[in-house]
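Okay, so here's the structure we're looking at.
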Amino acid sequence: MKPFSKPLLLLLAVLMAGTAVHAQQAPKRVYNLQEAIAHALENNASVKNERINEGIATAQVKETVAEGLPQINVAGNLTYNIQRQVSFLPGDFIGQPGTFVPVAFGTPYTSNAGATLSQLIFNGSYFVGLQASKVYKELAAKNLEKAKIEVAEAVALAYYGALVSEERLELLAVNMGRLDTLYRETKAMNENGFAEAIDVQRVQVNLNNLRTEYQNVERSMAINLNVLKFQMGIPVDQEIELAENISDYKLEDIAFAEDVPYSQRIEYQQLNINRELARLDIKNTRMQYLPNLSVFANAGYTAGRTTFGEFFEPTVLRSENENGEVIEQVVDTWNPYAAVGLNLNIPVFDGFLKANTIRRKKLIADQVDIQIQNLENSINLEIEQAQVNLRNSLQSLETQQENIELAQEVFRVSSIKYQEGIGSNLEVIEAENALKTAETNYYQALYNALVARVAYNKATGTLLQK
């Protein structure tokens with residue numbers, strides 16, 4: 001077999017290297033706007049954090065419920081009395097009246113093992129707390145929904161910005177191609193004596209400006225894509241592609257709502273839940289005036305011994321009968337005990353603590369009512385402003401659409417006149433500048449209209465429905 005030639009080996013190495021690099025690159029994902037929003041709602045850090053908070057609220061509800069269930073505890077202890085405590089007995093018991101005799105009671109080793117059962121029967125604060133914990137869980141769900149709305153808004157704005165930048169890049173590429181053709185034609189005419197050098201320079205200046213603008217828009221698109229990936233929870237170094245074009249979005253069929261209920265706004269829902277929590281907080285304090293009742297039961301075994309080993313041996317009691325015979329009786333080492341009972345706690349006077357607490361919490365509830373009224377006025381103003389901005393943006397977009405059509409026609413006529421020798425190079429340059437300005441204004445107006453529509457949908461509480 002003949003050895004491979006060096007050029008062939010080099011070609012194989014390049015192909016293998018290219019294959020390896022291609023295998024290491026992550027596949028490029030393509031997203032439309034709804035897919036990008038859906039991905040963000042699952043992977044955005046803020047949404048994930050609020051989803052965890054919702055889980056925390058669910059756990060807190062279960063914690064509150066558990067407080068009203070039977071509580072069982074098992075405990076045991078072993079004590080070694082190094083120096084038993086002495087008690088003083090009157091000397092009358094041992095024929096020494098007027099004196100006190102020190103006596104050490106108990107055993108060196110004592111032990112106890114038992115179980116306690118308690119069950120809440122009535123506690124007003126517990127039942128109110130149970131209601132409040134469920135309302136708090138609802139508030140956590142609303143916080144999650146608000147985070148989703150904010151993320152959806154951020155994703156939409158970044159997506160629209162990237163689409164507009166992408167469209168402008170395509171348009172600038174066409175403009176550069178058109179101006180490059182004009183540059184080459186003008187240069188050829190100058191070389192043949194039909195155009196001045198200043199005409200060539202004038203075209204070259206515009207061409208350089210277009211190239212600079214193209215680079216700026218290219219960087220702007222990269223920033224928009226990075227913002228989009230950040231909101232979607234995608235690593236910045238991962239490549240993504242937009243599945244839609246800016247022309248896919250129709251802004252002519254926007255329906256303006258006549259009457260928007262406040263309840264559609266997530267902020268209004270959150271404040272209403274806060275008002276309910278404030279009401280339950282007042283109710284909880286009032287419930288503390290009522291008695292608390294619970295039942296308990298405990299049972300166990302206790303023992304006391306001279307040495308530690310006796311805990312594991314039966315106790316033998318010895319005595320003599322009338323005939324002088326020693327009688328041994330085996331008794332249990334551990335002695336059982338048991339008890340049941342009720343605990344009743346009746347509050348009588350607390351120095352007006354609860355009364356002042358209720359007064360303070362009522363003022364907090366009044367603040368929430370004021371916040372709700374202010375939010376209603378704010379929503380009315382926000383919807384009105386968003387509607388006006390959207391109408392103005394749509395009107396401006398329509399005007400810019402007409403301007404770009406006129407500018408295209410002016411540039412077409414100017415180009416024909418110049419090619420036929422009845423127009424000047426300056427006229428073509430001015431027409432090209434006017435066309436570029438009209439195109440820039442059009443896409444800025446288009447982006448503003450899309451942003452205004454997002455703001456209007458958010459103001460009416462329908463952003464996630466779009």
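For the residue pair Asn433/Asn206, the side-chain donor-acceptor check at 3.5 Å is satisfied. Under the 3.5 Å distance criterion, with hydrogens and angles disregarded, a donor-acceptor pair is assigned to the side chains of Asn448 and Gln444. Side chains of Gln401 and Glu405: a donor-acceptor N/O pair is present below 3.5 angstrom, by distance only.
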Would you please test Glu218 and Tyr214 for side-chain contact (heavy atoms from CB on, under 4.5 Å) and show each step? CA-CA 6 Å; Glu218 198 172 33; Tyr214 184 92; 4.1 Å; yes
Test salt bridge (Lys or Arg N to Asp or Glu O under 4.0 Å) applied to Arg168 and Glu213, step by step: CA-CA 10 Å; Arg168 286 193 62 194; Glu213 185 176 357; 2.6 Å; yes
Tyr456/Asn389 under side chain to side chain donor-acceptor pair (under 3.5 Å): CA gap, chis, key distance, verdict: CA-CA 9 Å; Tyr456 178 75; Asn389 290 338; over 6 Å; no
Criterion side-chain contact (heavy atoms from CB on, under 4.5 Å) on Tyr442 and Asn403, from CA distance to verdict: CA-CA 8 Å; Tyr442 170 77; Asn403 289 342; over 6 Å; no
Run the numbers on Val135 and Arg279 for side-chain contact (heavy atoms from CB on, under 4.5 Å), then give the verdict. CA-CA 11 Å; Val135 176; Arg279 185 189 68 81; over 6 Å; no
Going through the distances and angles, do Leu163 and Asn245 end up as a side-chain contact (heavy atoms from CB on, under 4.5 Å)? CA-CA 6 Å; Leu163 284 182; Asn245 297 317; 5.6 Å; no
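The two residues Arg51 and Leu144 make their nearest non-hydrogen contact at N-CD1, 3.8 Å. Across Pro347 and Gln288, no two heavy atoms sit closer than the pair CG-O, 3.3 Å. Considering all non-hydrogen atoms of both residues, Lys137 and Ala57 come closest at CA-CB, 3.8 Å. For the pair Ala156 and Val454, the tightest heavy-atom approach, listed with the atom from each and the gap, is CB-CG2, 4.2 Å. Here the closest heavy-atom approach between residue Glu153 and residue Lys458 is recorded as OE1-NZ, 2.8 Å. The two residues Leu464 and Ala152 make their nearest non-hydrogen contact at CD2-CB, 3.6 Å.
More than 12 heavy atoms of other residues, nucleotides or ligands shown are found within 6.0 angstrom of CD on Gln215. For NZ of Lys361, the number of neighbouring non-hydrogen atoms (other residues, nucleotides, ligands) closer than 6.0 Å is greater than 12. By the 6.0 Å contact criterion, CZ on Phe230 is open, its count of non-hydrogen atoms from other residues, nucleotides or ligands being 12 or less. Atom CD of Glu170 has more than 12 neighbouring heavy atoms from other residues, nucleotides or ligands inside a 6.0 Å radius. Atom OH of Tyr126 is surrounded by more than 12 heavy atoms from other residues, nucleotides or ligands within 6.0 Å.
Of the possible polar contacts, none joining the Asn44 side chain to the Ala40 backbone as a donor-acceptor pair under 3.5 Å is found. No donor-acceptor pair under 3.5 Å is formed between the side chain of Asp281 and the backbone N or O of Leu277. Formation of a donor-acceptor pair under 3.5 Å by the Lys354 side chain with backbone atoms of Tyr289 is not found in this model. Listed for the Asn224 side chain is no donor-acceptor partner under 3.5 Å among the backbone atoms of Ala158. Ser378 contributes no side-chain N or O that, together with a main-chain N or O of Asn374, makes up a donor-acceptor pair within less than 3.5 Å. Judged by distance alone, with hydrogens and angles left aside, the side-chain atoms of Gln238 form no donor-acceptor pair with the main-chain N or O of Pro235 at under 3.5 Å. The closest donor-acceptor contact from the side chain of Ser294 to the backbone of Gln119 lies at 3.5 Å or more, if one exists at all. Side-chain atoms of Gln264 come within 3.5 Å of backbone N or O of Thr460 as a donor-acceptor pair.
Remark: Gln71 CD to Ser118 OG distance equals 5.5 Å, nearest 0.5 Å. In this structure, CG in Asn143 is found 11.0 Å from CD in Glu138, a value given to the nearest 0.5 Å. Of the inter-residue distances, the one linking Leu179 atom CG with Leu210 atom CG reads 5.5 Å to the nearest 0.5 angstrom. The distance from atom CE of Met176 to atom CZ of Arg211, rounded to the nearest 0.5 Å, is 7.5 Å. If you take CG on Leu397 and CD on Glu402, they are separated by 10.5 Å, rounding to the nearest 0.5 Å. Going from atom CD1 of Ile198 over to atom CG of Asn190 covers 11.5 Å, rounded to the nearest 0.5 Å.
Of the listed residues (Val368, Leu375, Ile370), just one forms a side chain to side chain contact (heavy atoms under 4.5 Å, CB included) with Ile372, and that residue is Val368. Considering Asn345, Leu344, Leu120 in turn, Leu344 is the only one that fulfils the side chain to side chain contact (heavy atoms under 4.5 Å, CB included) rule with Leu293.
In this structure, Tyr159 has its ring center at least 6.0 angstrom away from the ring center of Tyr31.
Residues Glu376 and Tyr268 have side chains in contact (heavy-atom distance under 4.5 Å, counting atoms from C-beta outward). Side-chain contact between Ile364 and Arg360 is present, with at least one heavy-atom pair separated by less than 4.5 Å. Leu426 places a side-chain heavy atom less than 4.5 Å from the side chain of Glu430. Counting heavy atoms from C-beta outward, Ser165 and Ser220 have side chains that approach closer than 4.5 Å. Arg184 is listed as a side-chain neighbour of Thr181, based on a closest heavy-atom distance under 4.5 Å. Side-chain contact between Tyr160 and Leu33 is present, with heavy atoms from C-beta onward closer than 4.5 Å. Residues Leu394 and Arg391 are not in side-chain contact: their nearest non-hydrogen atoms beyond the backbone lie 4.5 Å or more apart. At least one side-chain heavy atom of Val451 sits under 4.5 Å from a side-chain heavy atom of Tyr447.
A salt bridge does not link Lys362 with Asp366: every distance from a Lys NZ or Arg NE/NH1/NH2 to an Asp or Glu carboxylate oxygen is 4.0 Å or more. With salt bridges taken as basic N to acidic carboxylate O contacts below 4.0 Å, one links Glu409 and Arg412. Comment: Arg265 engages Glu382 in a salt bridge, judged by a side-chain N to carboxylate O separation of less than 4.0 angstrom. The existence of a salt bridge linking Glu439 and Lys436 is excluded, since no basic side-chain nitrogen approaches an acidic carboxylate oxygen closer than 4.0 Å.
Residues satisfying the side-chain hydrogen bond (donor to acceptor under 3.5 Å, both in side chains) test with Gln269, not counting sequence neighbours, are Lys142.
Geometrically, Arg178 engages Phe411 in a cation-pi contact, judged by NZ or CZ lying under 6.0 Å from the ring centre and within 45° of the ring axis.
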